[in-house]
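See structure below.
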Amino acid sequence: MSRDEVNRQIEEFAGTLGLGVGRLLSGRDMDGIRRTDATFFQPGRRILPGTEGPVPRRSFRAGWQRLAVRLSMLGAAGGAGYGFWQEPEATLQALQYGGPGAGGAAAIGGIAYAALTRERRELMREWVAPLHQALAGPLGIPEQTDPRTYLHIPLRFSDDDAEIRIDLPVNLQFNEAVVADLVVRKLALEDISFSWRPAGKAPHVLVRKAHRPPERLLFQDPKVRDLVERMPEPAPLIGLGSAGKRVSVDLDAESPHVLVNAGTGGGKSVILRTIAAQLVHNGARAFVLDYKRISHPWARGVPGVEYCRDIAEIHDALINLGVEGRRRMLLAEQLGEDADPAAVGPRLAILLEEVNATMKQLARYWEKTRQSGDPKVSPAIDALAEILFMGRQVRLHVLLVAQSATARALGGPEMRENFYTRILARYSQNAWRMLAPEITPAPKSTTHIGRTQVVLGGTAHETQVLFMTHAEARAWAMSGPAHAGSVTLQKTPPTRSAAPAGPPADPAPALPVTTNQVQPIPALPAAPPATTATTSPTTGPGAKNLPAGPPPAPAAPANNERLPSEPGIAAAVLTEAPTEPSNGPEEPADELLGLRQAQLKHLPGVTLATLRWARANDPDFPVSAGKKGTELLYRVSDLKRWARNRPRATEGPAEVS
């Protein structure tokens with residue numbers, strides 16, 4: 001090789017080395033290709049024209065940031081090399097003991113970083129990246145552009161005080177209307193305002209909510225109370241939407257049933273309390289099926305509300321409500337199309353709490369209690385399905401609460417489709433796609449207290465839910481002008497399908513229940529006699545020659561045990577609770593005893609002090625059925641029912657041995 005060739009290669013190497021050092025110290029890409037408009041002090045915002053292929057994120061960083069990273073890496077490598085040159089054994093020993101520690105620290109740091117940035121990654125995947133793909137064309141931005149460089153979307157962008165900023169190209173060659181429409185549609189926003197700021201070298205647009213729902217909606221506000229008072233009887237107020245728009249559901253004209261799906265702390269019981277208190281205020285009867293036992297303390301002792309806490313009571317209540325629904329269907333058929341809907345009976349609201357756990361418990365309870373020849377599926381679950389399929393003509397309304405309203409939890413997808421109104425709070429994207437797939441994209445969930453999405457008629461309404469305290473709900477439920485008293489479902493002994501039909505039993509008074517003394521429920525209008533004599537699939541085996549009106553109640557069994565029930569076999573009617581104890585002879589199992597004797601003979605798990613405290617403080621404690629001298633006497637069956645269903649959180653004074 002000639003001297004000239006060697007000199008030329010040395011000069012080329014020196015020039016290449018100088019360029020490399022210059023690019024390293026200036027923070028530019030080492031290949032010398034400039035891909036973004038980033039400078040040494042300012043990060044990049046856009047990709048330069050003519051750039052091909054993917055653009056790495058580091059190309060958008062400012063030059064000084066890339067220089068700091070490079071110098072740190074070179075310093076660490078140079079320090080390790082110098083240490084190994086001077087003290088090779090000490091350096092190897094340090095690497096031997098320090099390497100695993102450094103690796104563990106790096107692993108822990110990586111796991112922590114992944115956990116802390118999970119929501120941010122979800123935001124990028126679900127919202128920012130799709131919006132970038134939609135805006136790249138209208139704004140004239142290359143698709144390789146990192147969307148984080150010009151789309152500044154906060155993590156909680158659906159909150160009331162959130163602000164979205166979109167950096168615009170300097171040439172302003174885009175259609176503002178098109179850009180605004182894409183932002184609204186891709187981010188699932190409503191009632192927002194755009195502030196366009198095209199001046200200067202950093203044009204941008206700010207997106208904020210224009211008409212927000214109220215921050216809070218308290219029933220104690222006189223204006224809110226007046227609004228609730230003016231709501232139609234079948235359409236209780238759920239809350240207020242944007243610009244103060246009332247959000248409600250008409251149970252007669254729109255949706256007879258309501259589904260509430262929310263995560264922990266989403267206010268499920270608050271929503272049910274608000275709706276149920278308004279319905280009871282307007283004369284409806286409510287059945288609270290609460291396996292948790294403590295979700296609705298406001299309903300305890302309210303006339304017209306029956307609280308079922310025990311799974312056996314929930315099982316029987318659903319069966320009897322299903323029978324009542326079938327009776328109403330026959331009555332509605334006989335009354336004709338032009339009849340008053342109220343002629344079938346008072347409106348019944350069924351509050352079913354925590355359906356995920358309740359349905360499992362109902363199935364488990366039926367597995368333990370069913371006999372040979374009984375159906376495998378719980379008749380209570382079948383009765384719930386019948387109620388959901390019944391139309392608004394029977395005036396039975398299910399208000400159902402679930403943490404995850406899957407088809408399996410509700411008994412099948414066809415049962416879930418009966419909920420035309422669905423209220424979602426603190427939901428996941430999967431929950432939205434499951435319950436409201438017709439609305440895309442799904443609105444961003446918010447942690448704002450009381451903020452929900454009410455899906456009605458294929459439209460989502462962002463709503464601030466009305467908040468009633470327990471005391472306010474109780475007072476409002478008991479203050480209704482149309483409120484007419486308490487309700488109980490009366491059960492009859494079952495008849496097996498193989499048994500021959502016998503004559504109807506003589507009417508007997510219903511089993512007494514513990515309720516406040518109230519006015520009787522108005523009697524249903526007389527209906528023409530039924531002429532059908534065939535077995536209907538909706539009434540079950542053995543249900544022939546059904547009467548037009550409420551069937552007579554059979555006499556209660558002597559031992560006052562819980563009656564087994566089957567769908568379509570047990571008869572149930574709405575009846576007034578007895579206002580006075582019977583003067584006839586008492587059966588041995590339902591004898592009248594004082595508290596001390598009842599505790600010794602029948603209630604060993606409850607102390608006498610607890611019984612006396614509950615008599616003075618618990619509104620669910622049974623009323624006395626007689627008197628012996630100065631001592632009040634109580635039915636043993638009533639005391640046992642109270643002991644089984646009493647809330648454990650309010651047992652009274654400390655137990656004393």
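These values consider heavy atoms only, across backbone and side chains, with no hydrogens, waters or symmetry-generated copies.
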Kindly indicate whether the side chain of Leu289, heavy atoms from C-beta on, has any atom under 4.5 Å from the side chain of Ile350.
yes
Should Lys292 and Glu354 count as an ion pair when the cut-off is N to O under 4.0 Å?
yes
Does any pair with a residue in residues 234-258 pass salt bridge (charged side-chain N to carboxylate O under 4.0 Å, His left out), and if so which ones, sequence neighbours excluded?
Asp252-Arg347
Ring geometry between Trp366 and His315 (parallel below 30°, tilted from 30 to 60°, perpendicular above 60°):
parallel
The reported gap from CG in Leu272 to CG in Leu352 (rounded to nearest 0.5 angstrom) is 9.0 Å
By side chain to side chain donor-acceptor pair (under 3.5 Å), Ser445 pairs with (sequence neighbours left out) none
Please determine whether the number of non-hydrogen atoms from other residues, nucleotides or ligands lying under 6.0 Å from atom OH of Tyr291 exceeds 12.
no
Should the ring pair Trp476 and His281 be called parallel, tilted or perpendicular, given that the plane angle runs from 0 to 90° and is split at 30 and 60?
parallel
Pair Asp638 + Arg641, salt bridge at N-O below 4.0 Å:
yes
N/O donor-acceptor pair under 3.5 Å between Gln599 side chain and Val606 backbone:
yes
Kindly compute the distance separating CZ (Phe389) from CG (Leu384), expressed to the nearest 0.5 Å.
10.0 Å
Side chains of Glu353 and Thr358 in contact at under 4.5 Å (non-hydrogen atoms):
no
In short, Leu592 meets Ala625 closest at the heavy-atom pair CD2-CB, 3.7 Å
Mind jotting down which residue pairs meet the salt bridge (charged side-chain N to carboxylate O under 4.0 Å, His left out) criterion with at least one end in residues 431-455? Sequence neighbours excluded, please.
Asp160-Arg451, Arg451-Glu462
Taking all non-hydrogen atoms of both residues into account, name the closest pair between Val258 and Leu251 and its distance.
CG2-CD2, 4.3 Å
Going from CD1 on Ile275 to OG on Ser248, what distance comes out if it is rounded to the nearest 0.5 angstrom?
10.0 Å
Measure the spacing between CG of Leu318 and CD1 of Ile387 and express it to the nearest 0.5 Å.
6.0 Å
Going through the checks in order, is the side chain to side chain contact (heavy atoms under 4.5 Å, CB included) test met by His257 and Met415?
CA-CA 11 Å; His257 311 301; Met415 292 180 63; over 6 Å; no
Decide, yes or no, whether a salt bridge links Glu324 with Arg327 under the criterion of side-chain N to carboxylate O below 4.0 Å.
yes
Over all atoms of both residues, closest heavy-atom pair of Ser295 and Asp290:
N-OD2, 2.8 Å
Does any N or O in the side chain of Thr274 come within less than 3.5 Å of the main-chain N or O of Ile238, such that one atom is a donor and the other an acceptor?
no
Does a side-chain heavy-atom distance below 4.5 Å link Arg212 with Gln464?
no
Taking atom CD1 of Ile449 as the centre, does the number of heavy atoms from other residues, nucleotides or ligands within less than 6.0 Å exceed 12?
no
Which atom pair, heavy atoms only, marks the closest approach of Met329 to Val394?
CG-CG1, 3.4 Å
Take Leu388 and Phe419 through the side chain to side chain contact (heavy atoms under 4.5 Å, CB included) test and state the conclusion after the steps.
CA-CA 8 Å; Leu388 291 177; Phe419 293 96; 3.5 Å; yes
Would you give the length of the straight line joining atom CG of Leu456 to atom OG1 of Thr421, rounded to the nearest 0.5 angstrom?
4.5 Å
Does the pair Val455 and Trp432 meet the rule for a side chain to side chain contact (heavy atoms under 4.5 Å, CB included), with working shown?
CA-CA 10 Å; Val455 179; Trp432 185 272; 3.8 Å; yes
Asn261 side chain to Tyr427 backbone, donor-acceptor under 3.5 Å
no
Output the distance between atom CD1 (Ile314) and atom OH (Tyr365), rounded to the nearest 0.5 Å.
11.0 Å
Which heavy atom of Leu351 sits nearest a heavy atom of Ala276, and at what distance?
CD2-CB, 3.6 Å
Heavy-atom count check: over 12 atoms from other residues, nucleotides or ligands less than 6.0 Å from Glu333 CD?
no
Residue pair Leu603, Lys640: steps toward the side chain to side chain contact (heavy atoms under 4.5 Å, CB included) verdict
CA-CA 7 Å; Leu603 303 173; Lys640 287 183 176 180; 4.3 Å; yes
Would you name the heavy atoms of Val302 and Ala477 that are closest together and state the gap between them?
CG1-CB, 4.2 Å
Apply salt bridge (charged side-chain N to carboxylate O under 4.0 Å, His left out) to the pair Arg156 and Glu119, showing each step before the final yes or no.
CA-CA 10 Å; Arg156 308 292 180 188; Glu119 288 186 301; 2.9 Å; yes
